[in-house]
Trainee: 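The structure under discussion is supplied below as structure tokens; questions concerning it will follow.
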Amino acid sequence: MTNRYAVVLAAGQGTRMKSKLYKVLHPVCGKPMVQHVVDQLNTLDLQELITVVGFGAEKVQDQLGEDSHYVIQEEQLGTGHAVLQADDILADKEGTTVVVCGDTPLLTGETLQKLLDHHDSENAKATILTAHAEDPHGYGRVIRGGNGQVERIVEQKDASEEEQAIQEINTGTYCFDNAMLFDALKNVSNDNVQGEYYLPDVIEILKGQGETISAYQTPEFSESLGVNDRVALSKAEKLMKKRINEQHMRNGVTLIDPEQTYIGPDVTIGQDVVIYPGCVLEGETIIENDALVGPHSTITNCHIGTETTINQSVAKDSRIGARVQIGPFAHIRPESSLGDDVKVGNFVEVKKAAFGDGSKASHLSYIGDAEVGSGVNIGCGTITVNYDGENKHLTTIEDDAFIGCNSNLIAPVTVGKGAYVAAGSTINQDVPSEALSIARSRQTNKEGYASKMKSTKKD
Ligand code: UD1
Ligand code: CA
């Protein structure tokens, strides 16, 4: 099999975005555009993936990490010049090179595979991924000769009126015979309206050498959407959202209103999960069968068990078991882990805390830096006092303990198995198991005192 390489162009600043964030790092459905591109490329069998970085090089490298090798384009002199930066790594290699722009987030691995298959079956030296655009403005147009063969690509700004009427556009994705690509790039000039070295000029050069040039037209224009400004970004968001949501629905997930449901590309959702409007599901979240989410919940990097319900709540970086009830208005902060049949009710905040099976904090509590056993009942208004101004300390509540309402548990402290804490207690010493701890001043009733008070009152 021929070797395959990929070059991702991601060095531009993206002036038209008018942003301090570099263009290819703008997220679509929560994932930076360039990461979408690289993830799709990685579904192909590649020997080498190289990203050309320039503006924001460090940030792009931070994002992609080990998913790519990098070359720096110091000055952004055009897409042809950008590819040429990979010359040292690729020029002497035999094989096929795919070139993709970092600003086409909707491109799929499937389409890339079809492009490669087409390239191979046509025995072409260059194959352009093209699409039919209703509104081709801004894209390079594909110029075909009398015989229908691709001759060259002309950029919007260089196109004659007649050429501007052409609706077949260059998606900015190509595959090339690697050695020929790098040879041809050396002959690309910057003699055009923008004074840039255009990668698409390679097509005309190879054509002039009598090589076979081919085009594969994808039926999905949406895949080729290039994001140059925030209007296009919102279009990409909408299309990606539709793609993701439809896939979940086809897999057996009910989305009450898919227009108002925001699911990231790396979220996994089981069958018969129901998601109400206004939910944002992000990162590597996994939701198991028969769970119910929303309305208006934001869940980031969580594992949610089967039949769990999360209503109008926020959860991040946590594991939540089966048949758990969360919300309304609960906040599960990072590094929390809730067992099965747990309840975290309204206005309860949980942070870096583990709850064993069947434990409950139903109302108005803060449980942070805590290990809560199973079958524990945490009364309304209970607070783990975890912070002394400098350090955080652990609260341990053992199995089957009962914490009365409005208690403060001053950490580090342990409430033993099966113990009771009386309502309103401020606990700063360990409570032995099976004990009752009352830590509040005794109530004194002064009989008849009210009338005495009233008689001394001035009119
Ligand atoms: C490019 C194509 C156009 C195609 C369109 C598809 C060229 C000259 N034109 O136009 O035919 O229809 O994509 O979306 O290639 N970049 C660099 N270094 C540079 C310049 C650009 O790395 O010196 C990167 C950018 O970061 C971007 C990509 O290349 O990710 C494309 O550049 P952009 O300026 O957006 O090209 P378009 O004008 O959209
Ligand atoms: Ca572009």
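Order of listing sets the numbers, starting from 1, for every ligand and every atom in it. Nothing fancy with the numbering, it's 1 onward along the sequence.
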Trainee: Against heavy atoms of Lys23, which atoms of ligand 1 measure under 4.0 Å?
Mentor: 35 (O)
Trainee: I'd like to know whether CD of Gln113 has more than 12 heavy-atom contacts from other residues, nucleotides or ligands below 6.0 angstrom.
Mentor: yes
Trainee: Run the numbers for me: atoms of ligand 1, each under 4.0 Å from some heavy atom of Gly140, listed by number.
Mentor: 3 (C), 4 (C), 11 (O), 12 (O)
Trainee: Could you tell me whether Arg16 approaches ligand 1 through its side chain, its backbone, both or neither, with non-hydrogen atoms closer than 4.0 Å?
Mentor: side chain
Trainee: Does the distance from a Lys or Arg side-chain N to an Asp or Glu carboxylate O, for Asp103 and Lys23, drop under 4.0 Å?
Mentor: yes
Trainee: Asp103 to ligand 1: N or O pair under 3.5 Å?
Mentor: yes
Trainee: Which one of Thr104, Thr173, Thr108 satisfies the side chain to side chain donor-acceptor pair (under 3.5 Å) criterion with Glu223?
Mentor: Thr108
Trainee: Protein heavy atoms near atom 36 (O) of ligand 1, is at least one of them under 4.0 angstrom away?
Mentor: no
Trainee: With a 4.0 Å cut-off on heavy atoms, does Arg141 reach ligand 1?
Mentor: no
Trainee: Can you tell me which portion of Ser224 lies within the under-4.0 Å heavy-atom range of ligand 1? Options are side chain, backbone, both, or neither.
Mentor: neither
Trainee: Tell me whether Lys207 at atom NZ has more than 12 heavy atoms from other residues, nucleotides or ligands lying less than 6.0 Å away.
Mentor: yes
Trainee: Do Arg152 and Glu163 sit within salt-bridge range, that is, some charged N less than 4.0 Å from a carboxylate O?
Mentor: yes
Trainee: State whether the number of non-hydrogen atoms from other residues, nucleotides or ligands found under 6.0 Å of Lys316 atom NZ is greater than 12.
Mentor: no
Trainee: Take the angle between the ring planes of Phe221 and Tyr139 and call it parallel below 30°, perpendicular above 60°, tilted in between.
Mentor: perpendicular
Trainee: Measure across Ala131 and Ser224 and return the closest heavy-atom pair with its distance rounded to 0.1 Å.
Mentor: CB-OG, 3.7 Å
Trainee: Quick test of your reading of the structure: of His81, Lys157, Glu155, Gln85, whose heavy atom lies closest to atom 3 (C) of ligand 1?
Mentor: Glu155
Trainee: Determine which of the N, O or S atoms in Asp103 is closest to the Ca ion (ligand 2) and give its atom name.
Mentor: OD2
Trainee: Looking at Glu237 and Lys241, is there a salt bridge between them, counting it only when a charged N and a carboxylate O are closer than 4.0 Å?
Mentor: no
Trainee: Numbering the atoms of ligand 1 from 1, which are under 4.0 Å from a heavy atom of Tyr139?
Mentor: 6 (C), 12 (O), 14 (O)
Trainee: Tell me the protein heavy atom at minimum distance from atom 32 (O) of ligand 1, and give that distance in Å.
Mentor: Thr79 CG2, 3.9 Å
Trainee: Verify, without hydrogens or angle tests, whether Ser359 (side chain) and Val376 (backbone) share a donor-acceptor contact under 3.5 angstrom.
Mentor: yes
Trainee: Would you say Glu75 and ligand 1 have an N/O pair spaced under 3.5 Å apart?
Mentor: no
Trainee: Taking heavy atoms and a distance under 4.0 Å, where does Ile169 meet ligand 1: side chain, backbone, both or neither?
Mentor: neither
Trainee: For atom 31 (C) of ligand 1, what is the closest protein heavy atom, and at what distance to 0.1 Å?
Mentor: Cys101 SG, 3.6 Å
Trainee: Test of understanding: given a 4.0 Å heavy-atom threshold, classify the contact between Gln73 and ligand 1 as side chain, backbone, both, or neither.
Mentor: side chain
Trainee: Quick check: Val24 and ligand 1, any N/O pair under 3.5 Å apart?
Mentor: no
Trainee: Heavy-atom pairs closer than 4.0 Å: do any link ligand 1 to the side chain of Pro200, the backbone, both, or neither?
Mentor: side chain
Trainee: Which ligand 1 atoms, with their elements, are less than 4.0 angstrom from a heavy-atom of Gln76?
Mentor: 23 (O)
Trainee: Would you check the N or O atoms of Thr104, main chain and side chain alike, for any that come under 3.5 Å of an N or O of ligand 1?
Mentor: no
Trainee: Output the list of atoms in ligand 1 that are nearer than 4.0 Å to some heavy atom of Thr171, sorted by atom number.
Mentor: 6 (C), 14 (O)
Trainee: Could you check Tyr276 against Asn311 for side chain to side chain donor-acceptor pair (under 3.5 Å), going step by step and ending with a plain yes or no?
Mentor: CA-CA 9 Å; Tyr276 278 81; Asn311 181 6; over 6 Å; no
Trainee: Hey, is there an N, O or S on Thr104 sitting under 3.0 Å from the Ca ion (ligand 2)?
Mentor: no
Trainee: List the closest protein heavy-atom neighbour of atom 22 (O) of ligand 1: residue, atom name, distance to the nearest 0.1 Å.
Mentor: Ala11 N, 2.9 Å
Trainee: Counting heavy atoms only, which part of Gln156 comes closer than 4.0 Å to ligand 1: side chain, backbone, both or neither?
Mentor: neither
Trainee: Can you pull out the closest protein heavy atom to atom 27 (C) of ligand 1? Residue, atom name and distance to 0.1 Å, please.
Mentor: Leu9 O, 3.9 Å
Trainee: Show me which atoms of ligand 1 lie under 4.0 Å from any heavy atom of Ala82.
Mentor: 17 (C), 18 (N), 22 (O)
Trainee: At under 4.0 Å between heavy atoms, is it the side chain or the backbone of Glu196 that contacts ligand 1, or both, or neither?
Mentor: neither
Trainee: Side chain to side chain donor-acceptor pair (under 3.5 Å) between Gln156 and His137: does it pass, once the steps are laid out?
Mentor: CA-CA 7 Å; Gln156 170 76 36; His137 186 85; 3.2 Å; yes
Trainee: How many angstroms lie between atom CG of Asn170 and atom CD1 of Ile143, to the nearest 0.5 angstrom?
Mentor: 11.0 Å
Trainee: Of the listed options (Gly12, Gly226, Gly138, Gly78), which comes nearest to atom 20 (C) of ligand 1 when hydrogens are ignored and any heavy atom counts?
Mentor: Gly78
Trainee: Tell me if a side-chain donor or acceptor on Tyr216 pairs with a main-chain N or O of Tyr174 at a distance below 3.5 Å.
Mentor: no
Trainee: Counting only heavy atoms closer than 4.0 Å, does ligand 1 sit against the backbone of Val52, its side chain, both, or neither?
Mentor: neither
Trainee: Give the residue, atom name and distance (to 0.1 Å) of the protein heavy atom nearest atom 12 (O) of ligand 1.
Mentor: Asn170 O, 2.6 Å
Trainee: Given 3.5 Å as the limit, does a donor-acceptor pair link the side chain of Arg333 with the main chain of Gly368, or not?
Mentor: no
Trainee: Do the side chain of Thr285 and the main chain of Asn301 share a donor and acceptor less than 3.5 angstrom apart?
Mentor: yes
Trainee: Does atom NZ of Lys93 have more than 12 heavy-atom neighbours from other groups under 6.0 Å away?
Mentor: yes
